[in-house]
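A short worksheet on the structure shown next.
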Amino acid sequence: MANSDPNCLFCKIVSGDIPADIVYRNEHVLAFRDINPAAPQHLLIIPLKHIASLNDLVGDEDTIIAGQIMQAAKVVAKEAGIGESGYRLVFNTGPDSLQSVFHIHGHLIGGERMGWPPFPGASVEHG
Ligand code: 5GP
Ligand code: ZN
């Protein structure tokens, strides 16, 4: 599989063809601010390699990439000041989830108290 898709928005952010507010980069992943934030902190963590969604993770290399996204989430959350207050890492996958960009990305969201469960009309405070 090619590492990059010329028609993919997030591959263009990886290459620098489309600008983004990048907050973290290493040899495996990139993190940048969501253009339409849903929370005080809303960052997207993506692999440099084009993988369309969770459904397209294949083999050991992609398993490692999935772990690299999570390892980066921990670092990015800490740098964003939400490592201790708490955050969610959300991977929308497929139509019901409203996934709109088909380059796998973790939404790292936090900075305010959230509700649970995360369904329309079902939000409750608990704990
Ligand atoms: P999805 O709906 O696929 O789970 O999430 C895609 C996210 O990408 C959305 O939250 C959307 O606001 C964000 N997004 C879409 N286009 C751009 C862009 O050009 N730049 C940035 N930084 N975020 C984008
Ligand atoms: Zn891509």
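Worth knowing before you read on, the calculation uses all heavy atoms, side chains too, and leaves out hydrogens, waters and symmetry mates. Both ligands and their constituent atoms are indexed starting at 1 by order of listing. Nothing here was measured: the structure is a model prediction, and the numbers come from that model.
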Within reach of ligand 1, part of Phe10 (heavy-atom separation under 4.0 Å): side chain

Co-membership, hydrophobic cluster, residues Ile69 and Leu54, 4.5 Å side-chain: yes

Region of Phe102 that comes within reach of ligand 1 [heavy atoms, distance under 4.0 Å]: neither

Polar contact flag for Leu98 and ligand 1 (N/O pairs, less than 3.5 Å): yes

N/O/S atom name from His50 that is nearest to the position of the Zn ion (ligand 2): ND1

Ligand-residue contact atoms, ligand 1 with His107, heavy atoms, under 4.0 Å: 1 (P), 4 (O), 5 (O), 7 (C), 10 (O)

Distance-only N or O hit between ligand 1 and Gln99, under 3.5 Å: no

Taking atom 16 (N) of ligand 1 as the reference point, the nearest protein heavy atom with its distance: Leu9 CD2, 3.3 Å

Hydrophobic cluster identity match, Leu9 and Ile22, side-chain contacts under 4.5 Å: yes

Inter-residue atom distance Cys8.SG - His50.NE2, 0.5 Å rounding: 5.0 Å

Between OH on residue Tyr87 and NZ on residue Lys74, distance to nearest 0.5 Å: 8.5 Å

Nitrogen or oxygen of His42 less than 3.5 angstrom from that of ligand 1: no

Proximal atoms of ligand 1 relative to Asn92 (non-hydrogen, under 4.0 Å): 4 (O)

Per-atom contacts of ligand 1 with Asn36, taking only distances under 4.0 Å to non-hydrogen atoms: 12 (O)

Geometric N/O contact Phe32 with ligand 1, under 3.5 angstrom: no

Worked verdict on Lys49 versus Glu61 for salt bridge (charged side-chain N to carboxylate O under 4.0 Å, His left out): CA-CA 11 Å; Lys49 176 186 174 184; Glu61 180 187 323; 3.2 Å; yes

The Zn ion (ligand 2) - name of the N/O/S atom of His103 that sits closest to it: ND1

Identity and distance of the protein heavy atom lying nearest atom 3 (O) of ligand 1: Ser100 N, 2.7 Å

Protein contact of atom 12 (O) of ligand 1 - nearest heavy atom, named by residue and atom, plus distance: Asp34 OD1, 2.5 Å

Ring geometry between Phe10 and Phe32 (parallel below 30°, tilted from 30 to 60°, perpendicular above 60°): perpendicular

Verify same cluster id: Val76, Ile46 (apolar side-chain graph, 4.5 Å): no

Residue portion contacting ligand 1 (non-hydrogen atoms closer than 4.0 Å) for Asp21: neither

Verdict with reasoning, His105 to His103, per ring-ring contact (aromatic ring centres under 6.0 Å, His included): CA-CA 6 Å; His105 51 281; His103 181 131; 8.0 Å; no

Residue, atom name and distance, where the atom is the protein heavy atom closest to atom 22 (N) of ligand 1: Arg33 O, 2.9 Å

Identity and separation of the nearest protein heavy atom to atom 5 (O) of ligand 1: His105 NE2, 3.0 Å

Residue part near ligand 1, for Ile35, under 4.0 Å between non-hydrogen atoms: both

Transitive ILVMFWY side-chain link Phe91 to Val101, under 4.5 Å: no

Heavy-atom side-chain proximity of Ile104 to Asp56 below 4.5 angstrom: no

Any donor-acceptor pair under 3.5 Å from Gln99 side chain to Gly94 backbone: yes

